[in-house]
Peer 1: 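The structure under discussion is supplied below as structure tokens; questions concerning it will follow.
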2 protein chains.
Amino acid sequence: MEIVNRDGPDALSMRALADALESGTATLYRHVSGRPALEALLVDAVFAQLDLADDGDEWRSRTAGLARGMYEALRRHPGVAPLMLRSTPNGPNAMKHRERCIALLQAEGFAAGEAAVIYATLAHYVLGSTLQLIRHDDRSAQAFEAVDPAAYPATRAAAATGRLPVAPEDEFSYGLELMLDGLEGRRPTAPSAVTAP
Amino acid sequence: MEIVNRDGPDALSMRALADALESGTATLYRHVSGRPALEALLVDAVFAQLDLADDGDEWRSRTAGLARGMYEALRRHPGVAPLMLRSTPNGPNAMKHRERCIALLQAEGFAAGEAAVIYATLAHYVLGSTLQLIRHDDRSAQAFEAVDPAAYPATRAAAATGRLPVAPEDEFSYGLELMLDGLEGRRPTAPSAVTAP
DNA sequence: ACCTGAACACCGTTCAAGT
DNA sequence: ACCTGAACACCGTTCAAGT
């Protein structure tokens, strides 16, 4: 994880890891079956950092909090985000996170299947948002300022407001609010278990 | 592009391309500055396939159409999606697509800066949705069926509906509708240029 | 029984040597 | 002037040989 955080996901090689551990590459294969298994361990280590506590707020801030929590965790380890693309995360911590989120949505009154779709949608949205945090060569700010106003008037107008390229956090928050607005309209009325005294 | 579509993005190596062209790797460097430039060409080739025609419908179906068009294009070339992560697409066709979309949103009454944020949000959502189309090892269907019902009741209930793992198209459509619902509430009233006779 | 140097088959990129 | 074989410094993975 230190290597990925410091030098990015491409810098994580079996050789680099072996060197950091003052060992040889062959020795690593005694502890992990190969690079894919190593990457899965890193992914699940990020899920382990997520706070699954129920803040007891109303559903919207709770749902937003879970999505934001995942976003912040991946923001602290941006090099891990690309590793989440290789396979569906299925480590113990990822399983717990999914279970927690789907259970909350079901308790909110969403049908089991729809809860799964909502979780997948939000999780993939968070992932998509964090993936852009490690763009290899972002010189795009200058590129947008230098754009030809005649050929690209709308692009230029947006760049002139200083909002293009779009700041990652702004975009994430904006899209999350859009989705929560959309969910608001789909939310079943008055669900959940009764907490009686 | 044939190599990427047939064998996936990892199969695209300078050697594989040189072989397919019955040439040598060194010769490729006379036509392209390196692998990153080659990847950028593939990305822009996908943007070139997008239909920018104005269907003249109302804003919601037009916006949905543009997003769906990008989704379908990437679905036809799923191996290209991961290549869009390396850098902000800035080829001529990507520039035209962004200009078109931002202009439509501005014509709809959104401020220049907000239009850019909306475009970035939708574009990244589309990308995030297409990225999962080439998961290396999707055995997750069986994995979800075999999940322990005691430990993961909500996950199990969702899997039992046959909706987990979530079908990519279902998830894309669901999230897109959520975002369009959200945009509906933020849309400025009565904008656009006048088309007088 | 546990560990590992050295090899194998790859990769992107470069450059001296060919035509 | 244009092309390219062969090399360089990497990579993930394996296995015979060491202790």
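Only heavy atoms go into these numbers, but all of them, side chains included; no hydrogens, no water, no symmetry mates. Quick note on labels: first sequence line is chain A, next is B, and so on, each numbered from 1. Everything numeric in this text was worked out from a predicted model, so none of it was measured.
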Peer 1: Taking the six-membered ring of Tyr174(B) (Phe, Tyr or Trp), confirm whether the NZ or CZ of Arg186(A) is under 6.0 Å from its centre and within 45° of its axis.
Peer 2: yes

Peer 1: Rounded to whole angstroms, how far apart are CG on Leu28(A) and P on dT4(C)?
Peer 2: 10 Å

Peer 1: Provide, to the nearest angstrom, the distance between the CZ atom belonging to Arg30(B) and the P atom belonging to dG5(D).
Peer 2: 14 Å

Peer 1: Under a 3.5 Å cut-off for both distances, is dC15(D) Watson-Crick or wobble paired, and to whom?
Peer 2: dG5(C)

Peer 1: Quick one: sort the Trp59(B) and Phe110(B) rings into parallel, tilted or perpendicular, breaks at 30° and 60°.
Peer 2: perpendicular

Peer 1: Just name whichever nucleotide pairs with dC10(D), Watson-Crick or G-U, keeping both distances under 3.5 Å, else none.
Peer 2: none

Peer 1: Output the rounded distance in Å from CE (Met14(B)) to P (dT13(C)).
Peer 2: 6 Å

Peer 1: For nucleotides dT13(D) and dC2(C), find the distance between their P atoms and express it as a whole number of Å.
Peer 2: 22 Å

Peer 1: Quick one: Leu17(B) CG to dC10(C) C1', roughly how many Å, whole number?
Peer 2: 17 Å

Peer 1: What is the distance from CD of Glu22(A) to C1' of dT4(C), rounded to the nearest Å?
Peer 2: 15 Å

Peer 1: Examine dC3(D): is either OP1 or OP2 under 4.0 Å from a nitrogen or oxygen in the side chain of Ser23(B)? Give yes or no.
Peer 2: no

Peer 1: Tell me: CZ of Arg35(A) to C1' of dC11(C), nearest whole Å?
Peer 2: 13 Å

Peer 1: If only side-chain N and O atoms of Thr27(A) are considered, is one of them under 4.0 Å from the OP1 or OP2 phosphate oxygen of dC3(C)?
Peer 2: no

Peer 1: Mapping Ala26(A) and Leu12(A) to their closest nucleotides on DNA chain D, which lands nearer the 5' end?
Peer 2: Leu12(A)

Peer 1: When the distance from NE2 of His31(A) to C1' of dT4(C) is rounded to whole Å, what number comes out?
Peer 2: 13 Å

Peer 1: Tell me the interatomic distance from Arg15(B), atom CZ, to dA7(D), atom P, rounded to whole angstroms.
Peer 2: 13 Å

Peer 1: Can the positive tip of Arg156(A) be found less than 6.0 Å from the middle of the six-membered ring of Phe144(A), inside 45° of the ring normal?
Peer 2: no

Peer 1: Mind telling me whether His97(B) and Phe47(B) have parallel, tilted or perpendicular rings, with 30° and 60° as the class edges?
Peer 2: tilted

Peer 1: Salt bridge or not for Glu72(A) and Arg76(A), using N-O below 4.0 Å?
Peer 2: no

